[in-house]
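Only heavy atoms go into these numbers, but all of them, side chains included; no hydrogens, no water, no symmetry mates. These figures come from a predicted structure and were not determined experimentally. Protein chains get the first letters and strands the later ones, always in sequence-line order, with residue 1 at the start of each.
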Amino acid sequence: MTTVGVPAGWPATEEEAAEQDRLRGRVVLDEPGPPPGTGHVTGVDVAYDDERDLVAAAAVVLDAATLAVVAETTAVGRISFPYVPGLLAFREIPTVRAALDALPCQPGLVVCDGYGLAHPRRFGLASHLGVLTGLPAIGVAKNPFTFTYDEPDPARGSTAPLLAGTEEVGRALRTRDGVKPVFVSVGHRVSLANALAHVLALTPRYRLPETTRRADALCRRALREAAGS
DNA sequence: GCGACAG
DNA sequence: ATCTTGTCGC
(Lines give C-alpha, C1' and ligand atoms only; values in the text may rest on other atoms or scores of the structure.)
Protein backbone atom coordinates (compact mmCIF):
# COMPACT_ATOMS: atom_id res chain seq x y z
CA MET A 1 0.00 0.00 0.00
CA THR A 2 1.19 3.52 -0.75
CA THR A 3 0.17 6.85 0.79
CA VAL A 4 -0.68 9.95 -1.20
CA GLY A 5 -1.23 13.62 -0.59
CA VAL A 6 -3.01 16.15 -2.76
CA PRO A 7 -0.94 17.25 -5.77
CA ALA A 8 -0.01 20.92 -5.53
CA GLY A 9 -2.29 22.99 -7.71
CA TRP A 10 -5.01 20.36 -7.86
CA PRO A 11 -8.20 22.32 -8.62
CA ALA A 12 -10.56 22.87 -5.72
CA THR A 13 -13.58 24.68 -7.16
CA GLU A 14 -15.79 24.55 -10.20
CA GLU A 15 -13.30 26.12 -12.54
CA GLU A 16 -12.78 22.37 -12.97
CA ALA A 17 -15.25 22.58 -15.83
CA ALA A 18 -12.74 24.68 -17.76
CA GLU A 19 -10.04 22.13 -17.01
CA GLN A 20 -12.27 19.39 -18.41
CA ASP A 21 -12.94 21.40 -21.56
CA ARG A 22 -9.20 21.85 -22.02
CA LEU A 23 -8.26 18.19 -21.52
CA ARG A 24 -11.16 16.96 -23.62
CA GLY A 25 -9.22 17.92 -26.73
CA ARG A 26 -6.76 15.14 -25.96
CA VAL A 27 -9.28 12.30 -25.86
CA VAL A 28 -8.60 9.71 -28.58
CA LEU A 29 -11.72 8.12 -30.04
CA ASP A 30 -10.46 6.60 -33.28
CA GLU A 31 -8.63 3.61 -31.84
CA PRO A 32 -10.42 0.25 -31.46
CA GLY A 33 -8.50 -0.52 -28.28
CA PRO A 34 -7.13 -3.81 -27.01
CA PRO A 35 -8.89 -6.92 -28.37
CA PRO A 36 -11.34 -8.38 -25.79
CA GLY A 37 -10.11 -11.56 -24.15
CA THR A 38 -6.40 -10.78 -24.48
CA GLY A 39 -3.80 -9.09 -22.32
CA HIS A 40 -4.60 -7.33 -19.07
CA VAL A 41 -7.81 -5.67 -17.88
CA THR A 42 -7.62 -3.52 -14.76
CA GLY A 43 -10.45 -2.47 -12.48
CA VAL A 44 -10.17 0.65 -10.33
CA ASP A 45 -12.48 1.82 -7.55
CA VAL A 46 -12.54 4.10 -4.52
CA ALA A 47 -14.12 3.97 -1.04
CA TYR A 48 -14.60 6.82 1.43
CA ASP A 49 -14.67 7.36 5.19
CA ASP A 50 -16.00 10.88 5.68
CA GLU A 51 -15.67 10.68 9.47
CA ARG A 52 -11.95 10.06 9.35
CA ASP A 53 -11.42 11.99 6.13
CA LEU A 54 -9.92 8.94 4.45
CA VAL A 55 -10.09 7.70 0.89
CA ALA A 56 -8.83 4.33 -0.34
CA ALA A 57 -8.36 3.28 -3.94
CA ALA A 58 -7.65 -0.11 -5.44
CA ALA A 59 -6.38 -1.33 -8.80
CA VAL A 60 -6.85 -4.99 -9.66
CA VAL A 61 -5.24 -6.44 -12.80
CA LEU A 62 -6.95 -9.46 -14.33
CA ASP A 63 -5.86 -11.76 -17.13
CA ALA A 64 -8.47 -10.93 -19.76
CA ALA A 65 -8.69 -14.52 -20.97
CA THR A 66 -9.13 -16.29 -17.62
CA LEU A 67 -10.18 -13.40 -15.35
CA ALA A 68 -7.55 -14.60 -12.87
CA VAL A 69 -5.98 -11.92 -10.67
CA VAL A 70 -2.53 -10.95 -11.93
CA ALA A 71 -1.73 -8.12 -9.51
CA GLU A 72 -3.44 -5.75 -7.11
CA THR A 73 -2.49 -2.53 -5.33
CA THR A 74 -4.11 0.00 -2.99
CA ALA A 75 -3.46 3.60 -2.04
CA VAL A 76 -4.81 5.66 0.85
CA GLY A 77 -5.04 9.42 1.25
CA ARG A 78 -7.10 12.34 2.53
CA ILE A 79 -10.37 13.32 0.83
CA SER A 80 -9.37 16.28 -1.31
CA PHE A 81 -12.53 17.13 -3.21
CA PRO A 82 -16.28 16.93 -2.50
CA TYR A 83 -18.67 14.84 -4.54
CA VAL A 84 -20.06 17.12 -7.23
CA PRO A 85 -22.01 15.49 -10.10
CA GLY A 86 -19.95 16.09 -13.22
CA LEU A 87 -16.71 16.54 -11.30
CA LEU A 88 -16.24 13.02 -9.98
CA ALA A 89 -12.82 12.69 -11.60
CA PHE A 90 -11.35 15.40 -9.38
CA ARG A 91 -12.46 13.47 -6.31
CA GLU A 92 -11.27 10.03 -7.39
CA ILE A 93 -8.28 10.37 -9.69
CA PRO A 94 -5.47 11.34 -7.30
CA THR A 95 -5.79 8.17 -5.23
CA VAL A 96 -6.61 5.97 -8.22
CA ARG A 97 -3.47 7.13 -10.00
CA ALA A 98 -1.36 6.32 -6.96
CA ALA A 99 -2.73 2.79 -6.97
CA LEU A 100 -2.12 2.42 -10.72
CA ASP A 101 1.42 3.77 -10.40
CA ALA A 102 2.18 1.13 -7.78
CA LEU A 103 1.33 -1.78 -10.09
CA PRO A 104 4.21 -4.11 -10.98
CA CYS A 105 2.84 -4.70 -14.48
CA GLN A 106 1.09 -2.96 -17.35
CA PRO A 107 -2.62 -2.27 -16.62
CA GLY A 108 -3.83 -2.83 -20.16
CA LEU A 109 -7.44 -1.63 -20.47
CA VAL A 110 -8.68 0.30 -17.43
CA VAL A 111 -12.31 -0.21 -16.39
CA CYS A 112 -13.70 2.67 -14.31
CA ASP A 113 -16.69 2.80 -11.99
CA GLY A 114 -18.57 5.65 -13.67
CA TYR A 115 -18.65 7.35 -17.04
CA GLY A 116 -16.41 8.38 -19.92
CA LEU A 117 -18.03 10.30 -22.76
CA ALA A 118 -21.40 10.07 -21.05
CA HIS A 119 -20.85 13.31 -19.16
CA PRO A 120 -22.25 16.87 -19.23
CA ARG A 121 -19.10 18.08 -21.00
CA ARG A 122 -18.31 14.66 -22.55
CA PHE A 123 -15.34 14.18 -20.24
CA GLY A 124 -16.16 11.90 -17.36
CA LEU A 125 -13.90 9.94 -15.04
CA ALA A 126 -12.83 7.30 -17.57
CA SER A 127 -11.89 9.88 -20.20
CA HIS A 128 -10.07 12.01 -17.65
CA LEU A 129 -8.09 9.08 -16.26
CA GLY A 130 -7.35 7.83 -19.76
CA VAL A 131 -5.98 11.17 -20.93
CA LEU A 132 -3.83 11.67 -17.82
CA THR A 133 -2.34 8.17 -17.98
CA GLY A 134 -2.41 7.58 -21.72
CA LEU A 135 -4.08 4.23 -21.05
CA PRO A 136 -7.12 2.87 -22.89
CA ALA A 137 -10.09 3.31 -20.55
CA ILE A 138 -13.84 2.73 -20.43
CA GLY A 139 -16.57 3.62 -17.95
CA VAL A 140 -19.16 1.20 -16.56
CA ALA A 141 -21.78 2.86 -14.38
CA LYS A 142 -24.59 1.39 -12.29
CA ASN A 143 -26.98 4.30 -12.90
CA PRO A 144 -28.04 6.32 -15.97
CA PHE A 145 -27.05 9.63 -14.36
CA THR A 146 -28.95 12.36 -16.23
CA PHE A 147 -29.25 10.36 -19.41
CA THR A 148 -32.20 8.50 -20.87
CA TYR A 149 -32.54 5.06 -22.41
CA ASP A 150 -35.15 2.58 -23.53
CA GLU A 151 -35.17 -0.77 -21.78
CA PRO A 152 -32.95 -3.25 -23.69
CA ASP A 153 -34.39 -6.68 -24.53
CA PRO A 154 -34.30 -9.06 -21.53
CA ALA A 155 -31.47 -11.25 -22.87
CA ARG A 156 -27.88 -10.79 -21.77
CA GLY A 157 -25.97 -8.93 -24.47
CA SER A 158 -28.86 -6.70 -25.50
CA THR A 159 -28.20 -2.98 -25.64
CA ALA A 160 -30.05 0.29 -26.03
CA PRO A 161 -28.61 3.73 -26.76
CA LEU A 162 -27.80 5.90 -23.75
CA LEU A 163 -28.96 9.32 -24.83
CA ALA A 164 -28.23 12.94 -24.05
CA GLY A 165 -31.18 14.35 -25.94
CA THR A 166 -30.67 12.73 -29.34
CA GLU A 167 -26.92 12.23 -29.00
CA GLU A 168 -25.75 8.71 -28.18
CA VAL A 169 -23.17 8.95 -25.40
CA GLY A 170 -23.00 5.26 -24.53
CA ARG A 171 -25.11 2.11 -24.20
CA ALA A 172 -27.32 0.50 -21.63
CA LEU A 173 -25.99 -3.08 -21.68
CA ARG A 174 -27.80 -6.09 -20.24
CA THR A 175 -25.09 -8.24 -18.66
CA ARG A 176 -27.49 -10.75 -17.05
CA ASP A 177 -30.84 -12.03 -18.31
CA GLY A 178 -33.67 -9.96 -16.93
CA VAL A 179 -31.45 -7.86 -14.66
CA LYS A 180 -31.06 -4.08 -14.69
CA PRO A 181 -28.49 -3.07 -17.33
CA VAL A 182 -25.15 -1.36 -16.72
CA PHE A 183 -24.26 1.85 -18.52
CA VAL A 184 -21.17 1.69 -20.69
CA SER A 185 -19.36 4.59 -22.28
CA VAL A 186 -16.07 5.08 -24.03
CA GLY A 187 -13.27 6.74 -22.10
CA HIS A 188 -10.10 6.94 -24.15
CA ARG A 189 -8.54 4.94 -26.99
CA VAL A 190 -11.35 2.34 -27.12
CA SER A 191 -14.32 1.98 -29.48
CA LEU A 192 -17.82 1.58 -28.07
CA ALA A 193 -18.19 -1.83 -29.74
CA ASN A 194 -15.00 -3.03 -28.12
CA ALA A 195 -15.98 -1.55 -24.77
CA LEU A 196 -19.24 -3.53 -24.87
CA ALA A 197 -17.41 -6.73 -25.82
CA HIS A 198 -14.99 -6.26 -22.94
CA VAL A 199 -17.79 -5.76 -20.45
CA LEU A 200 -19.58 -8.89 -21.65
CA ALA A 201 -16.33 -10.85 -21.30
CA LEU A 202 -16.03 -9.51 -17.75
CA THR A 203 -19.55 -10.52 -16.70
CA PRO A 204 -19.75 -14.33 -16.91
CA ARG A 205 -21.73 -14.49 -13.67
CA TYR A 206 -22.68 -11.15 -12.16
CA ARG A 207 -24.24 -7.91 -13.32
CA LEU A 208 -21.07 -5.91 -12.67
CA PRO A 209 -17.69 -6.62 -14.33
CA GLU A 210 -15.28 -8.78 -12.34
CA THR A 211 -12.85 -5.88 -12.48
CA THR A 212 -15.13 -3.53 -10.58
CA ARG A 213 -16.28 -6.22 -8.17
CA ARG A 214 -12.70 -7.05 -7.26
CA ALA A 215 -11.57 -3.44 -7.06
CA ASP A 216 -14.61 -2.56 -4.94
CA ALA A 217 -13.94 -5.34 -2.45
CA LEU A 218 -10.25 -4.47 -2.26
CA CYS A 219 -10.60 -0.71 -1.69
CA ARG A 220 -13.16 -1.33 1.06
CA ARG A 221 -10.78 -3.71 2.76
CA ALA A 222 -7.95 -1.17 2.42
CA LEU A 223 -10.19 1.51 3.95
CA ARG A 224 -11.07 -0.69 6.92
CA GLU A 225 -7.43 -1.47 7.54
CA ALA A 226 -6.41 2.18 7.20
CA ALA A 227 -9.12 3.28 9.65
CA GLY A 228 -8.17 0.64 12.16
CA SER A 229 -4.47 1.44 12.55
C1' DG B 1 -36.36 29.47 -9.19
C1' DC B 2 -36.12 24.40 -7.70
C1' DG B 3 -34.86 19.79 -8.06
C1' DA B 4 -31.94 16.06 -10.07
C1' DC B 5 -27.56 14.34 -10.61
C1' DA B 6 -21.67 8.87 -12.03
C1' DG B 7 -19.42 7.87 -6.88
C1' DA C 1 -20.42 6.76 -1.75
C1' DT C 2 -22.63 5.48 2.98
C1' DC C 3 -26.21 4.42 6.70
C1' DT C 4 -28.13 -1.06 7.72
C1' DT C 5 -31.25 -7.08 9.37
C1' DG C 6 -32.99 -10.40 7.76
C1' DT C 7 -34.11 -13.17 4.12
C1' DC C 8 -34.72 -15.79 -0.17
C1' DG C 9 -32.11 -18.62 -3.36
C1' DC C 10 -28.33 -20.95 -5.90
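Remark: C1' of B:dA6 and CG of A:L125 are 8 Å apart, rounded to the nearest angstrom. Rounded to whole Å, the distance from CG on A:L162 to C1' on B:dA6 is 11 Å. When rounded to the nearest whole Å, the span between CD of A:E51 and C1' of C:dA1 equals 13 Å. Taking atom CD of A:Q20 as the reference point, atom P of B:dA6 lies 15 Å away to the nearest angstrom. Following rounding to the nearest Å, A:L129 (CG) and B:dG7 (P) show an atom-to-atom distance of 16 Å. Counting to the nearest Å, the P atom of C:dA1 and the CZ atom of A:R220 are 6 Å from each other. In this structure, CG of A:L87 is placed 13 Å from P of B:dA6, rounded to the nearest angstrom. Whole-Å rounding puts the A:L88 CG to B:dG7 P distance at 8 Å.
Using a 4.0 Å cut-off between charged side-chain N and carboxylate O, A:R220 and A:D45 make no salt bridge.
Counting only heavy atoms from C-beta on, A:D113 has its side chain closest to B:dG7 among B:dG7, C:dT2, B:dC5. With B:dA6, C:dT2, B:dC5 as the choices, the nucleotide that has an atom nearest any side-chain atom of A:L223 turns out to be C:dT2. Nearest to the side chain of A:D216, among B:dA6, B:dG7, C:dA1, sits C:dA1.
At the phosphate of B:dC5, neither OP1 nor OP2 sits under 4.0 Å from any side-chain N or O atom of A:N143. Distances shorter than 4.0 Å separate none of the side-chain N or O atoms of A:Y48 from OP1 or OP2 on B:dG7. A sub-4.0 Å separation between OP1 or OP2 of B:dG7 and a side-chain N or O of A:K142 is present.
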- Quick one: the dot-bracket string of DNA chain C, using Watson-Crick and G-U wobble pairs with both distances under 3.5 Å, [ ] for crossing pairs and | for bases paired to another strand. ..........
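Within the 4.0 angstrom heavy-atom criterion, no nucleotide atom of any strand lies near A:G139. Here A:A118 lies out of heavy-atom contact (under 4.0 Å) with every strand. Nucleic acid contact class of A:D45 (heavy atoms, under 4.0 Å, all strands): sugar-phosphate only.
By the criterion of side-chain heavy atoms lying less than 4.5 angstrom apart, applied directly or through intervening Ile, Leu, Val, Met, Phe, Trp or Tyr residues, A:V140 is grouped together with A:L109 in one hydrophobic cluster. No path of Ile, Leu, Val, Met, Phe, Trp and Tyr side chains, each step under 4.5 Å between heavy atoms, connects A:I138 with A:F145, placing them in separate hydrophobic clusters. Linking ILVMFWY residues whenever their side-chain heavy atoms come closer than 4.5 Å, directly or via other members, leaves A:V169 and A:L129 in distinct clusters.
The aromatic ring centres of A:F183 and A:Y149 sit less than 6.0 Å apart.
Side-chain contact between A:P136 and A:E31: absent, with no pair of heavy atoms (C-beta onward) separated by less than 4.5 Å.
Looking at residues two or more places apart in sequence or on another chain, you find a side chain to side chain contact (heavy atoms under 4.5 Å, CB included) between A:N143 and A:K180. Legend: residues meeting side chain to side chain contact (heavy atoms under 4.5 Å, CB included) with A:D21, ordered by chain and number and at least two apart, are A:R24, A:R121.
Residue pairs meeting the salt bridge (Lys or Arg N to Asp or Glu O under 4.0 Å) criterion with at least one partner in residues 191-210 of chain A, sequence neighbours excluded, are A:E210-A:R213.
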Between the protein and nucleotides 8-10 of chain C, which nitrogen or oxygen pairs are less than 3.5 angstrom apart?
none

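For A:R122, the CZ atom counts as densely surrounded, since its 6.0 Å shell holds more than 12 non-hydrogen atoms of other residues, nucleotides or ligands.
DNA chain B forms no stem, meaning no run of 3 or more consecutive Watson-Crick or G-U wobble pairs whose two key distances fall under 3.5 Å.
In this pair, A:F123 and A:H128 present their aromatic rings tilted. The plane angle is within the 30 to 60° band.
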- Query: Where do A:D49 and A:R224 land on the salt bridge (charged side-chain N to carboxylate O under 4.0 Å, His left out) test, with the steps shown first?
  - Reply: CA-CA 9 Å; A:D49 183 334; A:R224 286 200 312 267; over 6 Å; no
